[in-house]
Amino acid sequence: MKVTKMDYAAAGAFSKTVTDYLCQNEKLQPFYNRYPTLEVFEAQLKEKTFSEAQRQTLHQALQQQYTSITSINPKVQQNLDLLQQPNTYTVTTGHQLNIFTGPLYFVYKIITAINTCKQLQEKYPDYNFVPVYWMATEDHDFAEINHFNLFGKGYKWETTQKGAVGRFSTEGLDKLMEELPETYPVFDEAYRNSKTLADATRAITYDLFGEYGLLSIDGDDAMLKKSLTPVVEKELTEQLSNKLVEEANAELEKLGYKPQVYSREINLFYLKDNLRERIVQEDGKYKVLNTDISFTLEEILQEAQEHPERFSPNVILRPLYEELVLPNLAYIGGGAEVAYWFQLKKLFEAYKVTFPMLMLRNSALYITRGNASRMHKLGLKPEEMFQSYLDLKKYLSSQIHEEEINLEEQRKAVTAAFAEVEKLAQDIDPTLVRAVAAEEQKANNALQMLEKKISKARDSKHEQTFKQLENLKEKLFPNGSLQERHDNLLSYRTNNPDFIPALVEAFDPLEFRFTILEEE
C-alpha cells in the first residue's frame, strides 16, 4: 500500500475555520483549551478530574449495555475494567447510528480514536487510554441515517417508527438486506439478532473494532443521565447555555467565522417511548412541542429528579453530557463538529468541566488498484486528482503537444510525381494528359479524406482520454464530493478484507494531514 500525505488546505474541501485551527491561528485560540500534540496531553491529564463514584457508574452502565454482546473480546473487557482505575482516560468520537455504518468517515473517526490511544499509551505508559465511540442513540433525524451507497447504488430503510433512533426496532432491515448484492455476515447477524438499532450498532462496531479494544457507549441510559440532572435544572430555570453560546457566536462572527449550530432558549428534548420533542417555555409553563404534555416549573423539576432519562440534550448540551460521564481527554470530529465545539467553551467554563482537546479526524482518499492503474496511464499523481475536472482536462491537453494533422508535404510529393507522369504522357501520347490530371485529382482527394479521418481518429483518442479522466474523477470524488462523504465501508472491505488494518497502519491522528492510500 502506497501512502501519500498532503495538507488539508490543499485538498480544497475544508472550511476556513478548520484550516485556521490547524494553522493555530491566534484568532481561534480563545475558543479552545489546548491544541492537540502528544506533549500537551500531559497538561490535559493533570487537569481532567473524574471521581471514583463517576468511574463506578460508568463501568456499571457499560457492563449492562454490553450484555447484548454474547461473548466479549478480552481486549474490550480489559478496557471496560480499566475504566475503574484512576489512571485510565478516554479518547472519544461520536456519530449517528447510520445503517451499515453509512459514509466512510464513520470508520475514519473510530480509527483516529484507536490510533490516538495507541500513541498516548506509548508516550505515557503509566496511564491507560481507551478509545470510545459515543453512539448518537437519542438523535431523531431518521432521514440522515436510513440510507447508504454501495458500489454506486443507493439503499434505503423504510420504517414508520418515531422518536430516538437508538430505540428503533430493527424490523424491516431484513428486507433491505435481501436487496444487497451479497450477504454481509457482520451486518446480517447484527440486524437480525438485535432488538434495537442501538444494540445492532454496538454489535457492528464490536465486530469491526473489538480487537482494538473500542468501547461503544449509549448515552440514553438512566444511570448515566443522573449526572446531567444539575445541568437540566439550570437549563430549565436559567437558560444558561443559550446565553453563553450566543455570546460565543457573536465573537466568532466578529472574527469572520460562521457559527456551525444555533442555540435555542432551552436546549433540551423530552424523551419517552417513541417520543423525542423539544421542550419550550410558553405562558408560564413548560410544554413538549407537538404533544399535549406540559409542566409547571415545580412539576418539571420533579420530573428531572425522578426521571432524568426523560431529558435529552440537543447538539449544544450533548458535548457537555459526554464530558460529565467520561474521563475524556480529547474529542475527535469532522470539520463541522470541531467548528461547533468552538461555540461551547464558555459553557464548559460555567460548569467547571474540563474542555477536551479538539482533534480533526483523519481524512483519506482510497485508490483501488484498478483506479490507480487508470490514473497512472493518464500520467497523473494522486494529489493532482483533487483539482477540478476542467483544470485536469486543461493540464492533459497541454501535455499532449500534438500539432494539427496536415498532409501538405504529401500533397506536394504527389503533385511532383504526377508532373513527371504528365511530362512522360505528353511525349508519348498527348491525349493521355487529361487522364493523368484526373488521376492526380483523385489522389489529392484521397489525401484530403485521409487527412480528415486521421484528425478525427486523433480527436476521438483524446476524447477517450478525457472520458477516462471524467470517470476516474467520479470514482474518486463521487458527486463532486470527497469519497469519504459518500462511499460505504463495504464498497472497499468486500474486495479488500484488510481495508481496516490498512487504515490503522496509515493514519497518524496527530499529524493533521490528508492521507492518500493507493493499492499497488
Side-chain angles (χ1 to χ4, degrees), residues 1 65-77 79-80 93 95-111 113-114 131-133 135-137 145-159 161 165-218 364 366 368-369 483-484 486-505 517 519:
M1 188 74 66
Q65 290 179 18
Y66 268 83
T67 57
S68 64
I69 304 294
T70 53
S71 179
I72 298 183
N73 185 300
K75 292 182 180 179
V76 171
Q77 186 60 57
N79 279 349
L80 277 170
T93 191
H95 199 68
Q96 295 165 295
L97 307 188
N98 294 70
I99 60 170
F100 290 83
T101 71
L104 274 170
Y105 58 70
F106 170 86
V107 173
Y108 295 174
K109 281 182 171 184
I110 290 175
I111 293 175
I114 289 168
V132 171
Y133 160 48
M135 302 192 295
T137 56
I145 70 161
N146 71 337
H147 60 279
F148 70 104
N149 299 297
L150 178 60
F151 300 125
K153 181 180 178 181
Y155 295 89
K156 189 175 181 180
W157 177 27
E158 302 286 358
T159 182
Q161 298 178 77
V165 295
R167 300 182 177 190
F168 279 20
S169 162
T170 54
E171 182 182 358
L173 276 167
D174 54 340
K175 295 179 181 178
L176 176 60
M177 288 187 284
E178 291 171 2
E179 299 175 19
L180 302 181
E182 59 182 277
T183 300
Y184 301 99
V186 171
F187 298 91
D188 189 77
E189 183 176 341
Y191 290 133
R192 293 186 192 278
N193 298 333
S194 302
K195 293 181 180 179
T196 66
L197 186 59
D199 287 343
T201 305
R202 183 185 299 105
I204 290 165
T205 54
Y206 171 79
D207 195 287
L208 295 176
F209 303 104
E211 64 180 290
Y212 301 104
L214 178 76
L215 300 183
S216 298
I217 185 170
D218 182 356
Y366 191 89
T368 62
R369 187 174 288 104
Q483 178 191 75
E484 64 188 37
H486 180 274
D487 289 354
N488 178 263
L489 166 68
L490 292 174
S491 295
Y492 300 90
R493 192 171 185 253
T494 300
N495 296 321
N496 180 8
D498 293 326
F499 179 69
I500 287 177
L503 295 174
V504 171
E505 179 69 24
L517 297 97
E519 289 184 356

Backbone N or O of Glu189 within a donor-acceptor pair of the Asn193 side chain at under 3.5 Å?
yes

Before you tell me yes or no, could you show the steps for Glu182 and Thr494 under side-chain contact (heavy atoms from CB on, under 4.5 Å), namely the whole-Å CA-CA distance, both residues' side-chain angles and the distance that decides it to 0.1 Å?
CA-CA 10 Å; Glu182 59 182 277; Thr494 300; 3.6 Å; yes

Could you please spell out the steps behind the side-chain contact (heavy atoms from CB on, under 4.5 Å) verdict for Leu104 and Gln483?
CA-CA 8 Å; Leu104 274 170; Gln483 178 191 75; 4.2 Å; yes

To the nearest 0.5 Å, tell me how far Thr101 OG1 sits from Asn488 CG.
4.5 Å

Provide the closest heavy-atom pair for Met1 versus Tyr366 in the form atom of the first, atom of the second, distance.
CE-OH, 3.4 Å

Looking at every non-hydrogen atom in both residues, tell me the closest pair between Ala198 and Thr137 and how far apart they are.
CB-CG2, 3.8 Å

List the atom of Pro103, the atom of Asn98, and the distance in Å for their closest heavy-atom pair.
CD-ND2, 3.9 Å

Would you mind reporting whether Ile110 and Leu208 have side-chain heavy atoms less than 4.5 Å apart?
no

Which atom names give the shortest non-hydrogen contact between Arg493 and Phe499, and what distance separates them?
CA-CB, 4.0 Å

Does Phe209 have its ring centroid less than 6.0 Å away from the ring centroid of Tyr133?
no

Can you check whether Gly213's main-chain N or O pairs, donor with acceptor, with Asn79's side chain at less than 3.5 Å?
yes

Shortest non-hydrogen contact from Ala190 toward Ala203
CB-CB, 4.0 Å

From the options Tyr184, Trp157, Phe187, Tyr155, select the one residue that forms a ring pair (Phe, Tyr, Trp, His ring centres under 6.0 Å) with Phe100.
Phe187

Counting distance only, does the side-chain N/O of Glu519 pair as donor-acceptor with the main-chain N or O of Thr368 below 3.5 Å?
no

dist Asn146:CG -> Glu158:CD (nearest 0.5 Å) comes out at 6.5 Å

How long is the gap from CG on Asp487 to CG on Leu150, to the nearest 0.5 Å?
9.5 Å

Backbone N/O of His486 and side chain of Asn149: donor-acceptor pair under 3.5 Å
yes

From Ile99 CD1 over to Phe148 CZ, what is the distance, rounded to the nearest 0.5 angstrom?
5.5 Å

Under 3.5 Å: donor-acceptor pair, side chain of Thr196, backbone of Arg167
no

In Å and rounded to the nearest 0.5 Å, what is the OG1 to NE2 distance from Thr205 to His95?
12.5 Å

Provide the closest heavy-atom pair for Tyr66 versus Ser216 in the form atom of the first, atom of the second, distance.
OH-N, 2.8 Å

Nearest-0.5 Å distance, OG1 of residue Thr93 to OH of residue Tyr108:
14.0 Å

Identify every side-chain donor-acceptor pair in residues 67-74 under 3.5 Å, counting partners at least two apart or on other chains, and give the distances.
residue: Thr67; atom: OG1; partner: Gln64; partner atom: O; Å: 2.6
residue: Ser68; atom: OG; partner: Gln65; partner atom: O; Å: 3.1
residue: Ser68; atom: OG; partner: Arg202; partner atom: NH1; Å: 3.1
residue: Asn73; atom: OD1; partner: Lys75; partner atom: N; Å: 2.8

With a 3.5 Å distance limit and no angle check, can you tell me whether Glu484 reaches the backbone of Tyr105 through a side-chain donor-acceptor pair?
no

Determine whether more than 12 heavy atoms belonging to other residues, nucleotides or ligands lie under 6.0 Å from atom CD of Glu505.
no

